[in-house]
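What follows is a set of notes on a single structure, which appears directly below.
Side chains included, hydrogens not; waters and symmetry mates left out as well; all remaining heavy atoms used. Chain naming here is simple, since letters A, B, ... match the order of the sequence lines and numbering starts at 1 in each.
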Amino acid sequence: DTAVSQTPKYLVTQMGNDKSIKCEQNLGHDTMYWYKQDSKKFLKIMFSYNNKELIINETVPNRFSPKSPDKAHLNLHINSLELGDSAVYFCASSKTGWSSEKLFFGSGTQLSVL
Amino acid sequence: AQSVTQLDSHVSVSEGTPVLLRCNYSSSYSPSLFWYVQHPNKGLQLLLKYTSAATLVKGINGFEAEFKKSETSFHLTKPSAHMSDAAEYFCVVSVGTGTASKLTFGTGTRLQVTL
């Protein structure tokens, strides 16, 4: 069983479209995250949720809206996609969100905006 | 604010020779430090972590790292490289309290292993 699974693995779309990426974890963790990895492999946190509550919201355009229907799921919806949104998006989870914890990552969603 | 600097963007070693990937950190508080590995087209996997216990930390696949506060370093080493070690390696610092803690990633070091 995959611990953190995200879909789709690849997403190719036109500028201006709206798209969603889904993430699910079966580890019973309380905290989930979205990270963005750019073309130079740099990883930056976008959001974190703890028990469905938004904890971290970095300076991300408000076209990006995370939604956590329950603590096992954290979806990412992106409106009006732009060329600069092309990246690999990683979902992750950790047990409580404390700084010393290991993060479990999904295998990524490669988003290409044409 | 915390940060990490990975001193080499690319390291190439021969199979069977030692690996050294360098990382310096900056943190106002006692940090937690991690090394994560990313194989091509895969998610990240934890190699090891330091959380103020022993300064020499052993991880998976024969990797280890030493926390040196005086040098603000957390270099990753392995005595003998294997072809399967070829990947991107990220040094990470985590600071924060409670559930608001967050990871700050280094820019990554690509390890190439040649025959």
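Taking 4.5 Å as the limit, some side-chain heavy atom of B/L44 sits within range of a side-chain heavy atom of A/L43. The shortest distance between side-chain heavy atoms of B/F34 and A/L103 does not fall below 4.5 Å.
For A/E101, the part lying under 4.5 angstrom from a heavy atom of chain B is the backbone only. Proximity to chain B is limited to the side chain of A/Y35, based on heavy atoms less than 4.5 angstrom apart. Looking at B/T51, only its side chain comes within 4.5 Å of chain A, counting heavy atoms on both sides. When heavy atoms are compared at a cutoff of 4.5 Å, B/L103 approaches chain A by way of both its backbone and its side chain. At a 4.5 Å heavy-atom cutoff, the contact between B/Q38 and chain A is made by side-chain atoms alone. Contacts between B/Y50 and chain A at a heavy-atom distance below 4.5 Å are absent for every atom of the residue.
Annotation: B/N41, atom CG; neighbour count of heavy atoms from other residues, nucleotides and ligands within 6.0 Å does not exceed 12. The environment of A/K22 atom NZ is sparse: at most 12 non-hydrogen atoms of other residues, nucleotides or ligands sit within 6.0 angstrom.
Linking ILVMFWY residues whenever their side-chain heavy atoms come closer than 4.5 Å, directly or via other members, places B/L111 and B/W35 in the same cluster. Connection of B/L56 to B/L48 is not established within any shared hydrophobic cluster, with ILVMFWY side chains joined at heavy-atom distances below 4.5 Å, either directly or through further cluster members. A continuous path of hydrophobic side-chain contacts links A/L83 to A/L81 [ILVMFWY only; heavy atoms under 4.5 Å]. Placement of B/F67 and B/I60 within a single hydrophobic cluster is found when ILVMFWY residues are connected by side-chain heavy-atom separations under 4.5 Å, directly or transitively. Hydrophobic clustering, with ILVMFWY side chains joined whenever heavy atoms are under 4.5 angstrom apart, groups A/L76 together with A/L54.
Listed options A/E53, A/Q110, A/Q37, A/K9 were ranked by heavy-atom pairs under 4.5 angstrom with chain B; first place goes to A/Q37.
The heavy-atom pair separating B/K49 from A/K102 by the smallest distance is NZ-N, 4.2 Å. Residue B/F105 comes nearest to A/F42 through the heavy atom pair O-CE1, 3.6 Å, listed as atom of the first residue, atom of the second, then distance.
To the nearest 0.5 Å, atom CG of residue B/L46 and atom OG of residue A/S94 are 12.0 Å apart.
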